Amino acid sequence: MFKIIQRACFRYSAAPTKAEAEIKSVPGHKPPSFEDTVQGKYAGVLFSIASQREALHLVLQDMKYFKELADKSPVFAGFLVNSAYKRNQQRNVIQALTKEGFHEVTQNLLNSMIDSQRISYLTKTADKYIEYYRIFNKEENITIISAENLSEEQRTQVVQALKESSPNMQFSVQYKVDPSILGGLQMYSGNKFLDCSLSSRVTKLRSELQKLSI
């Protein structure tokens, strides 16, 4: 079973990302915010320890690896949430994922999660850590949803508009297609949502017409 998991995971290597500023540590060694959830607590402690060890950027690469692996490999994602595996079995699979191994700070996190039977929170913890890092790196993760694939020119216009609205920010933009929005765009940024879709306009218009008919 473990060889099957390992083979499935090795099929999905972390995709290369654009160059980022290498932040080794931050003043006070504290994350930019606190979230009172399991993943928030793990990510906060991880961030603080990584900063103290001047390893924020190195741990970031480990977190990106786990996030992308879970996103791309259903087998690995299933392994994380399967409580039937024993601790030593979970440890064997995690340690076999890379030849180089992970940073010591990351490894300590993994051992802690396995010992407390919370390895299922690894992906969410990785998401939260990446979010903390991006705040200090002045990078914002944006998801743009359109009714059909945007052309390169349209994507360039989207990025230009974002830069004009926040000149000091760096944007990491992901594009998705959802035909149900009919036209226009929707934008997700963290907990923020901007709906400029045609479907929302149609819904609003119908609501106004219903009010007039009453």
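Note that the coordinates shown come from a computational prediction; the quantities given were computed from them, not determined experimentally.
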Non-hydrogen side-chain atoms of I49 and N108 separated by less than 4.5 Å: no

Same cluster (ILVMFWY, side-chain, under 4.5 Å), L69 and L58: no

Closest non-hydrogen atom pair between H29 and S48, with its separation: O-OG, 2.9 Å

Within one Ile-Leu-Val-Met-Phe-Trp-Tyr cluster: Y188 and V177, side-chain cutoff 4.5 Å: no

Heavy-atom closest contact (S51 atom, S25 atom, distance): O-CB, 3.0 Å

Salt bridge (charged side-chain N to carboxylate O under 4.0 Å, His left out) partners of K41, counting only residues at least two apart: D36

Separation of T106 OG1 from L46 CG (nearest 0.5 Å): 6.0 Å

Side chain to side chain, Q107 and Q95, heavy atoms closer than 4.5 Å: yes

Student check: side-chain heavy atoms of Y129 and K67 closer than 4.5 Å: no

Where Q90 and I119 come nearest, the two heavy atoms and their spacing: NE2-CG2, 3.6 Å

Validation row: M113, T125 side chains within 4.5 angstrom (heavy atoms): yes

F66 ring center near F102 ring center (under 6.0 Å): yes

Closest non-hydrogen atom pair between T37 and E35, with its separation: OG1-OE2, 2.7 Å

Heavy-atom side-chain contact between H57 and I23 under 4.5 Å: no

Distance (rounded to the nearest 0.5 Å) between Q61 CD and I130 CD1: 9.0 Å

Donor-acceptor contact present, side-chain S200 to main-chain C196, <3.5 Å: no

L56 CG to Y133 OH distance, which is reported to the nearest 0.5 Å: 7.0 Å

Common cluster, I144/V159, ILVMFWY with side-chain heavy-atom separation under 4.5 Å: yes

Close side-chain approach of V105 and F47, heavy atoms under 4.5 Å: no

Full working for side chain to side chain donor-acceptor pair (under 3.5 Å) between S116 and Y42: CA-CA 12 Å; S116 61; Y42 271 121; 2.9 Å; yes

Test item: V26 and K30 side chains (from C-beta on) under 4.5 Å apart, heavy atoms: no

Qualifying residues under salt bridge (charged side-chain N to carboxylate O under 4.0 Å, His left out), relative to D178, sequence neighbours excluded: none

Between CG on residue N92 and OH on residue Y85, distance to nearest 0.5 Å: 12.0 Å

For the student: nearest non-hydrogen atoms of Y132 and G40, plus distance: OH-O, 4.0 Å

Point-to-point distance, once rounded to the nearest 0.5 Å, from OG of S120 to CD of Q39: 10.0 Å

Any side-chain heavy-atom pair of R91 and D115 under 4.5 Å: yes

Pairing of R134 and E131 as salt bridge, 4.0 angstrom limit: no

Atom pair NZ/OG of K176 and S146 - distance to nearest 0.5 Å: 12.0 Å

Salt bridge present between K64 and D71 (N-O < 4.0 angstrom): no

Non-neighbouring partners of S151 that pass side chain to side chain contact (heavy atoms under 4.5 Å, CB included), sequence neighbours left out: E153, Q154

Considering all heavy atoms, the nearest I181-A147 contact: CD1-N, 3.6 Å

Charged tip of R155 within 45° of Y175 ring normal and under 6.0 Å: yes

From D127, V81, L80, residue fulfilling side-chain contact (heavy atoms from CB on, under 4.5 Å) relative to L122: L80

